[in-house]
Each structure stands twice: as structure tokens, then as C-alpha cells.
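First comes the structure, then the notes that go with it.
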Amino acid sequence: MTTEAIRRYWNERIHDLEMTSHPVGTREFFADLDDYRFDKLRYLPELVDFTGFKGQRLLEIGCGIGTDLARFAAGGAEVTGVDLSETAIDLERKNFAGLGLAGELRVADGEHLDYPDASFDVVYGHGVLQYAAAPERLIAEAHRVLKPGGRAIFM
């Protein structure tokens, strides 16, 4: 599948939308999807310390509507989220605004990042590699923008 086909797919769909009955973009909508994600993936906070990166520059590739990224931001990380989908980034901006969180949120291709080498202390991607047109390219880009001695967290 091409990157453009993947972008179209995610611009037309919202992941786990069927898990909420609230209007898209409302505070209740985001709360339902957060509850669902961390009930379904209750192991995730045991594996990833969302509060353990305070003051560190963290990039999430394939951030979607920002469910995980919001937890990193609330924990004090200086967050950047990129996603192919304009729909996802628009919703993530609403999510962050509603939660009073700050971060750089942009539409971007994780296989071709517009950041200098060694820009981030942490690079995170959960559930993104299987949707990439060239997963090996995404991993190479994550490695390129990761500072020496930094941490990459991928599922």
C-alpha cells in the first residue's frame, strides 16, 4: 500500500470510533476513547512510564488523536506528534486544547521526517509500524532523529 493510500484511509476513519456514542471532538468523545484504549491495553502503563520523561523532547510517530501523547505531555514531556492524517491531527489539537496541554502537532510522514538529526530524547510509536508503507524507512527515520543514548519505544 502506498503512503498516499494510507493517508486517505486514516483521513476517512477514526480509530476505535465505534467505542463512543459522543459527538466526534467533544471532551466526552476523547474521554471514552482514552478509557477504552487503556482498558484494552491496561498493560501499557506498566510498560511505558508516561510520567517518566519530564523535560525531555519526545516525538510520537503516528500519534492519531493523541491519546498516548496527551499522557506524555501531562507527565511533563515536551511533546511533538506527527501523523499522516489531517483528520487525526485536527482532532488531536482539539484534545490537547480541551486538556490544556501544549505540544507541536503536525501532519507529517514518519518515513520522511522534517527534523534535524538527533532532535529527540525519546521516539515513540505504538501501533504504527504495521500501517507504514515502508516500516524499515520509518525505523531508520526514528533512529536518525533520536539523540545518541536516547530511547526508542515501539510496539
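Just so it is clear, the structure is predicted and the values come from calculations on it, not from any experiment.
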Open item on the list: What verdict does the ring-ring contact (aromatic ring centres under 6.0 Å, His included) test give for Tyr124 and Phe53, after you've listed the backbone C-alpha separation in whole Å, the side-chain angles of each residue and the deciding distance to 0.1 Å?
Closed with: CA-CA 12 Å; Tyr124 177 80; Phe53 302 100; 8.7 Å; no
TODO: Answer yes or no: is there a donor N or O on one side and an acceptor on the other, between the side chain of Arg144 and the main chain of Tyr115, under 3.5 Å?
DONE: yes
- [ ] Look only at the side chain of Asp83 and the backbone of Ile89, and say whether a donor-acceptor pair between them is shorter than 3.5 Å.
- [x] no
Are [Y] and [X] linked, directly or through intermediate hydrophobic residues, by side-chain heavy-atom contacts shorter than 4.5 Å (ILVMFWY only)?
| X | Y | result |
| --- | --- | --- |
| Val122 | Val82 | no |
| Phe154 | Leu113 | yes |
| Leu58 | Phe96 | yes |
| Leu129 | Ile61 | yes |
| Val79 | Leu101 | yes |

Would you compute the distance between atom [atom1] of [X] and atom [atom2] of [Y] and round it to the nearest 0.5 angstrom?
| X | Y | atom1 | atom2 | answer |
| --- | --- | --- | --- | --- |
| Phe72 | Asp49 | CZ | CG | 8.5 Å |
| Arg106 | Arg93 | CZ | CZ | 10.0 Å |
| Asp109 | Glu4 | CG | CD | 9.5 Å |
| Ile65 | Leu33 | CD1 | CG | 4.5 Å |

Open item on the list: Using the side-chain hydrogen bond (donor to acceptor under 3.5 Å, both in side chains) criterion, which residues pair with Arg71? Sequence neighbours excluded.
Closed with: Asp34
Looking at [X] and [Y], what are the two nearest heavy atoms and their distance?
| X | Y | answer |
| --- | --- | --- |
| Tyr43 | His126 | OH-NE2, 4.0 Å |
| Phe29 | Val24 | CD1-CA, 3.7 Å |
| Glu141 | Glu111 | CG-O, 3.2 Å |
| Leu99 | Ala70 | CD1-CB, 3.9 Å |
| Thr67 | Asn95 | N-ND2, 4.4 Å |
| Arg37 | Leu44 | NH2-CD2, 4.1 Å |

For [X], does the [atom1] atom sit with more than 12 other heavy atoms under 6.0 Å from it, leaving out its own atoms?
| X | atom1 | result |
| --- | --- | --- |
| Asp117 | CG | yes |
| Arg151 | CZ | no |
| His143 | NE2 | no |

Task: Contacts of type salt bridge (charged side-chain N to carboxylate O under 4.0 Å, His left out), residue Asp121, not counting sequence neighbours - done: Lys147
Task: Single hit among Thr80, Leu91, Leu69 for side-chain contact (heavy atoms from CB on, under 4.5 Å) with Leu105 - done: Leu69
TODO: Begin with the C-alpha distance, continue with both residues' side-chain angles, and end with the deciding distance and a verdict on side-chain contact (heavy atoms from CB on, under 4.5 Å) for His112 and Arg137.
DONE: CA-CA 8 Å; His112 305 280; Arg137 178 74 187 139; 3.7 Å; yes
